[in-house]
Q: 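I have a structure I would like to understand better, so I am pasting it below and will then ask my questions one at a time.
The shown structure was predicted, so the numbers you read here are calculated from the model rather than taken from an experiment. Residue numbering restarts at 1 for every chain, and letters A, B, ... go by the order of the sequence lines.
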Amino acid sequence: DTEVTQTPKHLVMGMTNKKSLKCEQHMGHRAMYWYKQKAKKPPELMFVYSYEKLSINESVPSRFSPECPNSSLLNLHLHALQPEDSALYLCASSRFPRGQEQYFGPGTRLTVT
Amino acid sequence: KNEVEQSPQNLTAQEGEFITINCSYSVGISALHWLQQHPGGGIVSLFMLSSGKKKHGRLIATINIQEKHSSLHITASHPRDSAVYICAALSYGGATNKLIFGTGTLLAVQP
């Protein structure tokens, strides 16, 4: 199994809603990543989890809250988002945090209304 | 100046043509990714390489560490190759490597 899965594929939410994005991998990878990608731009790193611990937070606003309940699962909790947060949210994983190929999921297309 | 530069930004080719996309970087890296993204879609990792050359089907990637340059070649291009191709440098050092992304090359292969 060389797949990273993400749910949901599409999400529309209002600015007062609370929602969560889910990412899962069963490759035994110990590093997992959240990226945000705006249209026609490269992905921007948001968070990195290394061995289930948050190792990098790229100064992301607190309305985005990551969680890594176990080594296979990564969540991104969303609360009080702004319309400018609308983007494709990509999850990735790698075997280890250093020097390893990253495998990307298909992404969640988020629209904030 | 971006740490990872790609050229060209846009490329239109006829089916069957040989295609080259270039990537130059100015930082120390441990490896370089070539990624593919179809419109509206997720990202697929094509190659990760730290030296020499890799081949997978019609795709070939090369890297010259001394010159800090990598190329992605597509032989016998096909309309299904139409996508954005992104090179991303895996930064060197630290407990966690970060990917530094180029701005992408939008490839359109016409039948």
Q: Highest number of heavy-atom pairs under 4.5 Å with chain B: which of A:Ala31, A:Pro42, A:Gly107?
A: A:Pro42

Q: Using 4.0 Å as the upper bound for N to carboxylate O, is an ion pair formed by A:Lys38 and A:Glu44?
A: no

Q: Supply the atom-to-atom distance A:Cys91 SG to B:Ile43 CD1, rounded to the nearest 0.5 angstrom.
A: 11.5 Å

Q: Do B:Leu99 and A:Gln102 touch side chain to side chain, with heavy atoms closer than 4.5 Å?
A: yes

Q: Below 4.5 Å from any heavy atom of chain A, which atoms of B:Leu106 appear? Answer side chain, backbone, both or neither.
A: neither

Q: By a 4.5 Å heavy-atom criterion (distance strictly below it), what part of A:Tyr35 contacts chain B: side chain, backbone, both, or neither?
A: side chain

Q: Are A:Leu90 and A:Ile56 connected in a single hydrophobic cluster, I mean Ile/Leu/Val/Met/Phe/Trp/Tyr linked by side-chain heavy atoms less than 4.5 Å apart?
A: yes

